[in-house]
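Here is how names work: the chains are called A, B, and so on, in the same order as the sequence lines, proteins then strands, and each is numbered from 1.
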Protein chains: 2
Amino acid sequence: MGTAQLTAVPEPKYWHLRSVLLRAIDSEFSIGEVIPNERELAARFGVARATLRQALDQLELEGRLVRRRGIGTLVAAPRVGVPVSRREEGWPGGSREQAWHTVDCVSAPAAERLAQALGVPVGETVHTVRRLRVEQGQTVATESLHVPESVVAQVPEIRLSGAAAEADDHARSVLRRLERLTVDGESRAVELGVAEAEEATLLQRPPGTPVLVVTTQYASGGRLAALAVSTYRADTCRLTFGETGLVEVTPVAPVRTAS
Amino acid sequence: MGTAQLTAVPEPKYWHLRSVLLRAIDSEFSIGEVIPNERELAARFGVARATLRQALDQLELEGRLVRRRGIGTLVAAPRVGVPVSRREEGWPGGSREQAWHTVDCVSAPAAERLAQALGVPVGETVHTVRRLRVEQGQTVATESLHVPESVVAQVPEIRLSGAAAEADDHARSVLRRLERLTVDGESRAVELGVAEAEEATLLQRPPGTPVLVVTTQYASGGRLAALAVSTYRADTCRLTFGETGLVEVTPVAPVRTAS
DNA sequence: GAGTGGTCTAGACCACGAC
DNA sequence: TCGTGGTCTAGACCACTCC
C-alpha cells in the first residue's frame, strides 16, 4: 500500500481515498488480513483521521472491509449467497429448514399496524415466531413470522401423548401446525434498513448496521396466511432468488462495469 | 420538535438523537416538509454538528430524510414499490417495457471478468445495452444488459427497408432481436452497493449513494443468454418480487416489530 | 499497559440554491 | 448575498482486545 499522492482533484478526498484503498486491498492484501490502523493511514495520506474514516465507512458499507474494535480493520470475505426465493427456504418444514433456528414464539393481540398488514381485526391473537438464520456458522438473519390464530386454527392439532407432550412447547406447537399448512403463493419485497438494538445484538453487529429487510407474504387457501419480516446482514449477504427454470446457471460475482 | 434532554445513557448520543428525530418527523412533520437546519438542531440538542449529522445520516440511509444542498433537510416520501420479479418487467418487449428507457448500446470484446460471468470465450463480442428505469417521473435505476453476440446471432434479423432502416440504430437493432428471443428461466441476486461516478450521476445522487444491486441471469435454450446488472436507489426503492400465486395480496408497509 | 476502532468536539471553508 | 448541506481539520476521550 503506497503513499499515493492526493493531487488536487474535483472529487472529495474521502472518495479518492476509497479508490486508492480499494485498489490496495484488491492487490496487496488477502482476505482476513489486517490493514494498517486508522491513525497510520491518515498520516500516510496526509489527511485527518475523520476523513480517512469516511473512506473506510464506504468500503465497509460495500462489504469489502470489516472493522473490529480492539483488533483492527480486516479485508472482508466475499459475500455469501443466501437463497430466499423458493418457499422451501423459509417455510417451516421446508427442505432447508435446518438453516433456521427457532428462538421463541410469543402470542399476543395484534396491534393496529400488524393487524392491518395481516388483514385481521385489531386484537385478534397473532403468533410471532422468532427465528435466526445461520449460514456457514454465522448468524446472517433474524426473522419474525407472524401468523394469525385464525389461520392456525384451521389446521387440525396433532395430539401428543406422554413424554412427547411434556417436551412440547409453544413455539414447536405452532411450527408443527404451520408445517401442515399448504402454502400456494408468496410475494416478497426487499429494501434497505438498519438494525435496531435487539436485532443488532442477534446479528452480532452494532446498532445502525445496514440490513436488507425482506418482507414475505404467504398465501394459503385464498387468503394471507402469514407475514414474515426478515433482516439480513447487508455486509455479508447476497440474497439469491432462484427460479425453477430449465437451466441451473451457476452464480457468479457481480459485474458492475461493462467495457 | 421539542428540545428533549440528552440524559446520560449507555447508548451513543447520535443513536439517541436518531430516535428523538424519528419520533419528531413521524409526529410533527409531514412529507416534503423542511426540518430545522443542522446548525440549529445541533444547538438545540447541545451537541456538535458532526454528531447531529451522524444521526441524520442514519435516517437518510433508512429513507426517512432527504438532504438537499442549498435547500435543507426534508422528510422523505415512503419508498416506492418497484416490481422486478417476473421477466416481463425487465426483458425487452415485456409488458411493462415502458418503464425502461434505453440510453445506448455498445459492442466490445468481452474482458475476462465479463466473459467468465457470461460463459463465453474472452474476446467474444458482447453487446451492452444501457437503460434507465423511470418510476413516477423519477429515475430509480440504471441497468447494463450484457448479451453475447453468439446469442443474438441465433435470432433471425428482420430487414427494414427505406426510411425505417435509416432511422434504425445499433441499440434498437439489438433490442429488437432480444424481443424475439425466448427466455425460459431467470435467476436473481440482490446485494447492497454504492453508486460510483457515472451511475450516481444518472441516478441524480452524489457518489457513494447506497444502491441495491440486482444481478439477473437470463437463460434461453439451455444456456446463459444474458446478464443484467441493475442498480436501484436504495433510499427511494422497495424491490418487490411477485409470484403468480393463487391470490394477489396487497402490498403493505413493512412491519418491523412484532409486539 | 499498549494499541485498536468508536465517539465527540468546535471550529473552518466550500458548493449549491434561492433571492 | 445569504443560508443550506458537504467536506475537512486537529485534537480529545472512551471501550474493547490482547499481552
Name all residues meeting the side chain to side chain donor-acceptor pair (under 3.5 Å) criterion together with A/Glu143; count only those two or more places apart in sequence or in a different chain, and write none if there are none.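 With neighbours one apart ignored, the set is A/Arg131, A/Ser230.
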
With A/Ser27 via side chain to side chain donor-acceptor pair (under 3.5 Å) - residues at least two apart: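 So A/Ser27 forms no side chain to side chain donor-acceptor pair (under 3.5 Å) with any residue.
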
Expressed in angstrom and rounded to an integer, what is the separation of B/Glu11 atom CD from D/dC14 atom C1'?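 It is 16 Å, rounded to the nearest whole Å.
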
Quickly work out the B/Leu59 CG to D/dG5 C1' distance and round it to whole Å.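 After rounding, the reported distance stands at 16 Å.
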
Could you note down all residue pairs passing side chain to side chain donor-acceptor pair (under 3.5 Å) where residues 201-210 of chain A supplies at least one of them, sequence neighbours left out?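 Side chain to side chain donor-acceptor pair (under 3.5 Å) check on residues 201-210 of chain A returns no pairs.
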
Holding to salt bridge (charged side-chain N to carboxylate O under 4.0 Å, His left out), I want the full list of residues that pass it with B/Glu38, two or more places apart in sequence or in another chain.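 B/Glu38: salt bridge (charged side-chain N to carboxylate O under 4.0 Å, His left out) contacts with B/Arg49, B/Arg53, B/Arg67.
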
Qualifying residues under salt bridge (charged side-chain N to carboxylate O under 4.0 Å, His left out), relative to A/Glu40, sequence neighbours excluded: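 Partners of A/Glu40 under the salt bridge (charged side-chain N to carboxylate O under 4.0 Å, His left out) test: A/Arg44.
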
OP1 or OP2 of D/dG3 less than 4.0 angstrom from a side-chain nitrogen or oxygen of B/Asn37, does that happen here?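 So the side-chain polar atoms of B/Asn37 never come under 4.0 Å of the phosphate oxygens OP1 or OP2 of D/dG3.
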
Between which nucleotides of DNA chain C, 5' to 3', does chain A make heavy-atom contacts below 4.0 Å?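 Boundary nucleotides touching chain A, in 5' to 3' order, are C/dG3 to C/dT7.
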
Keeping to residues at least two apart or across chains, list the salt bridge (Lys or Arg N to Asp or Glu O under 4.0 Å) pairs with something in residues 14-24 of chain A.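 Residue pairs with at least one partner in residues 14-24 of chain A: A/Arg18-A/Glu62, A/Arg18-B/Glu196.
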
For A/Ser30 and A/Glu33, test the side chains for any donor-to-acceptor distance below 3.5 angstrom and give the result as yes or no.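 Their side chains do contain a donor-acceptor pair, which is all the 3.5 Å distance test asks for.
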
Which residues pass the side chain to side chain contact (heavy atoms under 4.5 Å, CB included) test with A/Leu202, sequence neighbours left out?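 Per chain and number, A/Leu202 pairs via side chain to side chain contact (heavy atoms under 4.5 Å, CB included) with A/Arg130, A/Leu132, A/Thr142.
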
Tell me which residues in residues 64-72 of chain A put a heavy atom below 4.0 Å from DNA chain C, sorted by number, or none.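 A/Arg67, A/Arg68, A/Arg69, A/Gly70, A/Ile71, A/Gly72 - these, ordered by number, are the residues of the stretch whose heavy atoms sit under 4.0 Å from the strand.
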
